[in-house]
2 protein chains.
Amino acid sequence: MTANETSTAPRMTGDQRREQILAVARHVFAEGGYAASTDDIARAAGVSQPYVVRLFGSKRELYAETYRRAADEIVETLRSVAPGPDVKDRMGDAYLRLIADPDMRLLTMQGFMSSDADIQAMARHTLGEAFRLHEQKVGSGPEDARNFVAHGMLINALLGTDAPARAAGDPGLEALVECAIPASQRQDAR
Amino acid sequence: MTANETSTAPRMTGDQRREQILAVARHVFAEGGYAASTDDIARAAGVSQPYVVRLFGSKRELYAETYRRAADEIVETLRSVAPGPDVKDRMGDAYLRLIADPDMRLLTMQGFMSSDADIQAMARHTLGEAFRLHEQKVGSGPEDARNFVAHGMLINALLGTDAPARAAGDPGLEALVECAIPASQRQDAR
DNA sequence: GTCTATAGACAGATAGAC
DNA sequence: GTCTATCTGTCTATAGAC
């Protein structure tokens, strides 16, 4: 170190702060959607609200970057599933593990309802990649790949409505949860 | 009529106004989500913002009532599919016809991401009913019924991201759209 | 790199008149 | 049945200091 100027030193480098705020934003946006405030994010990150806006230019850009990272993580995770025996099961498991994180699930779902063209583009591309990777790795044909993606969407919807924890007393829902969600995934997620 | 008191007469009865505002709210909430303002709804209905709030008690109650009607319409439509030959196809068609209305599709999707317990409850019950009605009417077993609901969710997601109109150039997405969405439904919806 | 102060817009809800 | 006026809160973004 060159000198220890006790009070002039910033607490973090810009990059560190960016990463920290993106991590916090992922959680806050996941729970509150785009309607979540930059102030909530700032408080959770321990910085001032104007600083959050300054670092990313605007709330919209922060949200887009947050979403992009989540979408990339999904595609990368599916891409990194090794070929070989049981690929089909391992592909399903990989998705279940991603979605076991409620923030990931909620953020993903938001893409399918966004009115922002950039978010929509990322969301639909992720769907297409999931389909393509299933066809490529599993090779059981387009219908099977489509069912893979569709089943993923159904699980998102069921978890989003807290169905596994609250199906009791609703016969249709009980039966649906039982045949759509593996027992290991059936505890509350919200 | 008893008398024509030219300026004292209200423009509509309370019930008529309620229905009109609910119709308008369906569209405004569909496009803007819960974040849409009561003022937007009021303007679109040609009344004042405070009056909208007064008629329904609060924005939240207006939203809940709007959602309830959409959810009821889905269940009623599926329930009214006549048994007989080709029930399976007619059940799928009934859902496609519902979802061909972008407002219906958007509103439905919002239920799967709501943080409001009442909305969540309606949304998951709708999923369960769709499953149950498929089993009851089509009778091709739980896996087939699950695939029916799952496929519905996939179509919601694809339409939500404008995939049919924008898949060009994205090979995975093109293939997915082709095998998930009937040609008749493939034009832009947003 | 980070803050305070604050502008400027907009929201939902209440009070009370007609 | 419906409005106007308005309170109170909240939000993003900018300006400028340190």
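Computation of the quantities below employed the complete heavy-atom set of this structure, encompassing side-chain atoms and omitting hydrogens, waters and symmetry-equivalent molecules. Please read all numbers here as calculations on a predicted model, not as lab measurements. The sequence lines fix the lettering, A, B, ..., with proteins before strands; numbering per chain opens at 1.
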_For A/K88, is there an ion pair with A/D144 - N to carboxylate O distance below 4.0 angstrom?_
yes
*Looking only at non-hydrogen atoms, find the nearest pair between B/L158 and B/V177 and report the distance.*
CD2-CG2, 4.4 Å
*Give me the residues of residues 17-28 of chain B where at least one heavy atom lies under 4.0 Å from an atom of DNA chain D, by number, or none.*
B/R17
*Identify the residue among A/M104, A/R97, A/R105 that makes a side-chain contact (heavy atoms from CB on, under 4.5 Å) with A/D101.*
A/M104
_For DNA chain D, which residues of residues 48-68 of chain B approach it to below 4.0 angstrom with any heavy atom?_
B/S48, B/P50, B/Y51, B/R54
*Nearest atoms (heavy-atom pairs only) where B/Y34 meets B/K59*: O-NZ, 2.8 Å
*Any side-chain heavy-atom pair from A/V138 and A/F148 closer than 4.5 angstrom?*
no
_Within the 4.0 Å heavy-atom criterion, would you say B/A36 contacts the bases, only the backbone, or no part of the nucleic acid?_
sugar-phosphate
*Could you tell me whether A/D116 and A/R60 have a side-chain N and a carboxylate O separated by less than 4.0 Å?*
yes
*asked:* If I take atom CG in residue A/D15 and atom P in nucleotide C/dT2, what distance separates them, rounded to the nearest angstrom?
replied: 12 Å
*asked:* Expressed as a whole number of angstroms, how long is the span from B/R43:CZ to D/dT4:P?
replied: 13 Å
_salt_bridge(B/R68, B/E65) N-O dist < 4.0 Å_ = yes
*Just wondering, are more than 12 heavy atoms of other shown residues or ligands nearer than 6.0 Å to CD in A/E143?*
no
*Could you tell me the separation between the CG atom of A/D39 and the P atom of D/dG9, rounded to a whole number of Å?*
15 Å
